[in-house]
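Structure first, commentary second.
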Amino acid sequence: MPRDPRFDPLFAPLKLGPVTAPNRFYQVPHCTGMGYTMPQTLAAMRAVKAEGGWGTVCTEYCSIHPTSDDHPSPFASLWDQGDVANLGVLAEGVHRHGSLCGVELWHGGLRSANLLSRQTPIGPNSLPADKAPLQARRMDLADIRDYRRAHRAAALRAKQADADLVYVYASHTYLLSQFLDGRINRSIPGYSGSIENRVRIIRELIEETKEAVGDRCAVAIRIEVDAESSPGADPDGERRAIFELLKDGPDLFDLTITDYSQEMGVSRFIKEASLEPLIAHVRGLVNKPIVSVGRFTSPETMLAQVKRGIVDLIGAARPSIADPFLPQKIAEGRPDDIRECIGCNICYASDIQGVPLRCTQNPTMGEEWRRDWHPDRIARAKLPDRVLVVGAGPAGLEAALTLAQRGHQVTLAEARRELGGRVTLESKLPGLGEWARVRDYRQYQLSKFAGVEIFRESRLSAADIRELGPRHVLLATGSHWRADATGHTFPAGNPDLDSSATLTPDDLMAGKRPVDKTRPVIVFDDDHYLMASVLAELLALEGHAVTYVTTAGVVGFWSRFTMEQARAQARLIQRGVAIVVSHAVDAVRDGNATLACVFSGQERDLPCGAFVPVTSREPNDALWLDLQSDPAANAAAGIASIQRIGDCKAPGLIAHAVYDGHRTARLIDGDQAAGEDLPVEPPFRRDRVVIPAVL
Ligand code: ADP
Ligand code: SF4
């Protein structure tokens, strides 16, 4: 289909200094968990974004020099010719599709503990670094000269690698933000004190970068519109003054804010285009193009942003991860095919944990090189066959879709009327509405395959499956939350619970509520992600008195990886939920709960009208066991293979279920042998250094 001409403004080229962005889709610098140690993984991933229509594709934070080493977090680097060669491959991949390649030159300043390089951290003041009990050396004028020289040299290396755009990175609390922050930068002659002095180094870097590479590369600045000392505000007009000083300097302003939990916010708390009220005024302050982010997935919102002049380029990290082909889908007049980011931040969690990006919506993310997976193309099966998928949660839906795309004849059976499994249930919880996109995207795509049969309200038994007689069976029957508190703390369950007072998360999602409203509900979190805090919020919103108890030290401990921990804790406090940390619920009886401190074992009692254990889930594998018990009957029914996928195999994140469904569906082929672990997957491919053979 031709594209809707209304969207033409999103496809207008835009001049940025000496280069021209081919369209307004701009993949801002974003972390990948790959960094300099995984150059092939990284280059293939960025190239796919360019192929999908992102007109500008940037690197993540790219260290200019060993005085800025972020180990063990994965970061890019441009320290030497080896890095130039690897960046060159990345740039070439991006150029192959007509896009621009940007490089975010980075120095962490006092935050970088330099655990690998063992260089002394440097910063405008001697303050504590991030990853070690170590303080930075206070920079003097000689250090500033060295830093400028290192920045210039890195810019030249970026140009040598064929980059088109080079950043001066002045945000996210790294070195240049430290210079801007008057609380930190207090004593360097000529560089501290007045705004002019604190901004001086940035002006010098912009000038020097332009002078070094400006004949061929645009120079961008990434900068916040508010100050670290006053998030969301610019009370003394300092930031306005900074923009006034910089307004003609860089070729592009990449605007951001100091509150990372908003900029990078989960959809539970932060919705699309949330930065607009904070950044809109900058248009009136600067004379150069503007890019900014807002987890944009709606073409209408993107268009409005550009038409109203809020930004010139639509900045995206997560939307480009969830759907690297988002721009092309708009270009081809099929915006309904966009696989929208759900704002869960599992991508961010991967990076924080030091592994390549994983995405709930896009199972191919991070697998472009390793497995040769493409987000938009998939090879047809050599021998298409009849496949039955049982259960239409994220695993079953993804498997059914992938199988259909590969030309298999697919039947999908779901016990409930609604498809989506856990996603349908969880998306009704406070703030999680966007999670339904996992279901909606797949349900819509499946509707395009006339041959796919979907049976709703069809709970299948082993006998039903044998009667249907498919050649391959994928069981995606999910899991349920355990009622006896089995989990980290009670691996064999807790026998001292009053089962009549217990409500599981599934009970609550099914609409059951505590009967005794005179005493608080205790939500016990031994799971440490978000389910317990979301349920506590739900109950509090409905007027129940709620006590949240966790074995961890904070609310939703694991959700620090998704950047929502602090907001989740704040939310419970605001909703009046009592919070007890570092305690397990040892017993519930006679309207009381006994809590035990995880450190000292000291006990205390709390009133408890109802008990909600959020600890772990039991795989729904009864059907699998039933089928396993009679292999002869399966063979007689013509069934060649039976496999479990998703939560019924190993309960986990939605991202795990989607990935498992996708991976398994890619492997199913008519000639495969039976058995859960077959066929054997291709050899595991890794980016790594191989020691050359000794001659
Ligand atoms: P996953 O995350 O692994 O996809 P979910 O719990 O989200 O798992 O989804 C499992 C789905 O399987 C649910 O929608 C459930 O109704 C369905 N289901 C479970 N058992 C059967 C069965 N025997 N026949 C058909 N559907 C089933
Ligand atoms: Fe969006 Fe979640 Fe994918 Fe990240 S992991 S891109 S937040 S859907």
Side-chain angles (χ1 to χ4, degrees), residues 30-31 264-268 270 295-297 316-324 326 339-351 357-366 375 388-400 411-427 434-435 437-439 441-442 454-465 468 473-481 506 509 561-564 617-624 626-627 644-662 664:
H30 71 73
C31 292
M264 189 54 213
V266 286
S267 61
R268 179 178 169 194
I270 306 291
R295 205 162 50 74
F296 298 114
T297 59
R318 290 171 291 173
S320 75
I321 294 169
D323 195 345
L326 180 152
R339 190 171 43 211
E340 291 181 279
C341 165
I342 70 165
C344 59
N345 280 6
I346 292 305
C347 49
Y348 185 74
S350 325
D351 173 65
L357 288 182
R358 280 77 178 83
C359 171
T360 301
Q361 277 284 56
N362 176 10
T364 69
M365 177 46 56
L388 171 67
V389 180
V390 185
L397 284 173
E398 176 65 21
T411 302
L412 174 62
E414 165 53 48
R416 299 194 188 108
R417 177 183 285 268
E418 264 191 291
L419 306 185
R422 61 180 287 192
V423 158
T424 294
L425 298 171
E426 291 170 17
S427 62
E434 288 179 44
W435 288 27
R437 292 172 175 180
V438 173
R439 173 198 64 206
Y441 168 75
R442 288 164 181 83
I454 301 181
F455 295 107
R456 296 165 188 254
E457 297 177 279
S458 304
R459 177 173 293 281
L460 300 191
S461 64
D464 296 332
I465 292 172
L468 283 167
V473 181
L474 292 187
L475 297 176
T477 49
S479 62
H480 59 274
W481 288 94
D506 294 306
M509 287 190 279
F561 293 126
T562 55
M563 177 61 74
E564 65 192 294
R617 284 174 284 159
E618 179 68 21
N620 296 333
D621 56 7
L623 187 53
W624 157 259
D626 250 7
L627 284 166
R644 292 171 292 180
I645 54 172
D647 290 327
C648 86
K649 183 164 76 184
L653 298 167
I654 298 167
H656 293 127
V658 170
Y659 179 75
D660 202 30
H662 186 87
T664 310

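Since the structure is predicted, the reported quantities are computational estimates derived from the model, not experimental observations. Just follow the structure's listing: the first ligand is 1, and inside any ligand the first atom is 1.
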Checklist entry - Short list, please: which atoms of ligand 1 are under 4.0 Å from a heavy atom of Gly646? => result 3 (O)
Checklist entry - Which ligand 1 atoms, with their elements, are less than 4.0 angstrom from a heavy-atom of Ser458? => result 24 (N), 25 (C)
Item to check | Salt-bridge present (Arg437, Glu340; N to O < 4.0 Å) | outcome: yes
Checklist entry - Which residue from Arg456, Glu418, Glu414 reaches closest to atom 17 (C) of ligand 1 through any of its heavy atoms? => result Glu414
Next on the checklist: Does only the side chain of Ala395 get under 4.0 Å from ligand 1, or the backbone, or both, or neither? Count heavy atoms.
Outcome noted: both
Item to check | Ligand-side contact atoms (ligand 1) for residue partner Val390, heavy atom cut-off under 4.0 Å | outcome: 22 (C), 24 (N), 25 (C)
Next on the checklist: side chain to side chain contact (heavy atoms under 4.5 Å, CB included) for Trp435 and Ile654? Distances and angles first, verdict last.
Outcome noted: CA-CA 9 Å; Trp435 288 27; Ile654 298 167; 3.4 Å; yes
Item to check | atom 10 (C) of ligand 1 [closest protein heavy-atom partner, distance rounded to 0.1 Å] | outcome: Ala476 O, 3.2 Å
Item to check | Close side-chain approach of Ile346 to Leu653, heavy-atom, < 4.5 Å | outcome: yes
Checklist entry - Of the protein's non-hydrogen atoms, which lies at the shortest distance from atom 9 (O) of ligand 1, and what is that distance? => result Gly393 CA, 3.4 Å
Item to check | Pair Arg295 + Glu434: basic N to acidic O under 4.0 Å | outcome: yes
Checklist entry - How close do Ile321 and Cys347 get, heavy atom to heavy atom, and via which atoms? => result CD1-CB, 4.4 Å
Item to check | Sub-3.5 Å N/O-N/O distance, Gly420 and ligand 1 | outcome: no
Checklist entry - Which ligand 1 atoms are under 4.0 Å away from a heavy-atom of Leu623? => result 23 (N)
Item to check | Numbered atoms of ligand 1 (with element) below 4.0 Å of Ala413, judged on heavy atoms | outcome: 25 (C), 26 (N)
Next on the checklist: Under 3.5 Å, is there a donor on one side chain and an acceptor on the other for Gln361 and Arg442?
Outcome noted: yes
Checklist entry - Any nitrogen or oxygen of Val423, main chain or side chain, under 3.5 Å from a nitrogen or oxygen of ligand 1? => result no
Checklist entry - Is there a side chain to side chain contact (heavy atoms under 4.5 Å, CB included) between Val658 and Val438 once you walk through the steps? => result CA-CA 9 Å; Val658 170; Val438 173; 4.2 Å; yes
Item to check | atom 7 (O) of ligand 1: nearest protein contact (heavy atom, Å) | outcome: Arg422 N, 2.7 Å
Checklist outcome for this item: Checked atom 4 (Fe) of ligand 2: protein N, O or S atoms closer than 2.8 Å come out as Cys347 SG
Checklist entry - Considering only the protein, which heavy-atom contact is closest to atom 2 (O) of ligand 1, and what is its distance? => result Asp647 OD2, 2.5 Å
Checklist outcome for this item: Looking only at heavy atoms, the pair that brings Cys31 and Leu357 closest together is O-CD2, 3.7 Å
Checklist entry - Nearest protein heavy atom to atom 19 (C) of ligand 1, by residue and atom, and its distance? => result Thr477 O, 3.4 Å
Next on the checklist: Out of all atoms in ligand 1, which are within 4.0 Å of some heavy atom of Gly478? Include the element for each.
Outcome noted: 5 (P), 6 (O), 8 (O), 10 (C)
Next on the checklist: Rounded at 0.5 Å granularity, tell me how far CG in Leu460 sits from OG1 in Thr477.
Outcome noted: 10.5 Å
Checklist entry - Under 4.0 Å from ligand 1, counting heavy atoms only, is it the side chain of Ala657, its backbone, both or neither? => result side chain
Checklist entry - What do the steps show when you test Arg318 against Asn345 for side chain to side chain contact (heavy atoms under 4.5 Å, CB included), and what is the final call? => result CA-CA 8 Å; Arg318 290 171 291 173; Asn345 280 6; 2.7 Å; yes
Checklist entry - Which heavy atom of Thr360 sits nearest a heavy atom of Cys344, and at what distance? => result OG1-SG, 3.1 Å
Checklist entry - Just checking, any donor-acceptor pair under 3.5 angstrom between side chains of Glu398 and His662? => result yes
Checklist entry - Numbering the atoms of ligand 1 from 1, which are under 4.0 Å from a heavy atom of Gly421? => result 7 (O), 9 (O), 13 (C), 14 (O)
Checklist entry - Among the heavy atoms of Leu460, does any lie under 4.0 Å from an atom of ligand 1? => result yes
Item to check | Residue, atom name and distance, where the atom is the protein heavy atom closest to atom 26 (N) of ligand 1 | outcome: Ala415 N, 3.0 Å
Item to check | Verdict with reasoning, Glu418 to Arg439, per salt bridge (charged side-chain N to carboxylate O under 4.0 Å, His left out) | outcome: CA-CA 10 Å; Glu418 264 191 291; Arg439 173 198 64 206; 3.7 Å; yes
Item to check | Whether Asp647 side chain and Gly478 backbone form a donor-acceptor pair below 3.5 Å | outcome: no
Item to check | Worked check of side chain to side chain contact (heavy atoms under 4.5 Å, CB included) between Ile645 and Leu475 | outcome: CA-CA 6 Å; Ile645 54 172; Leu475 297 176; over 6 Å; no
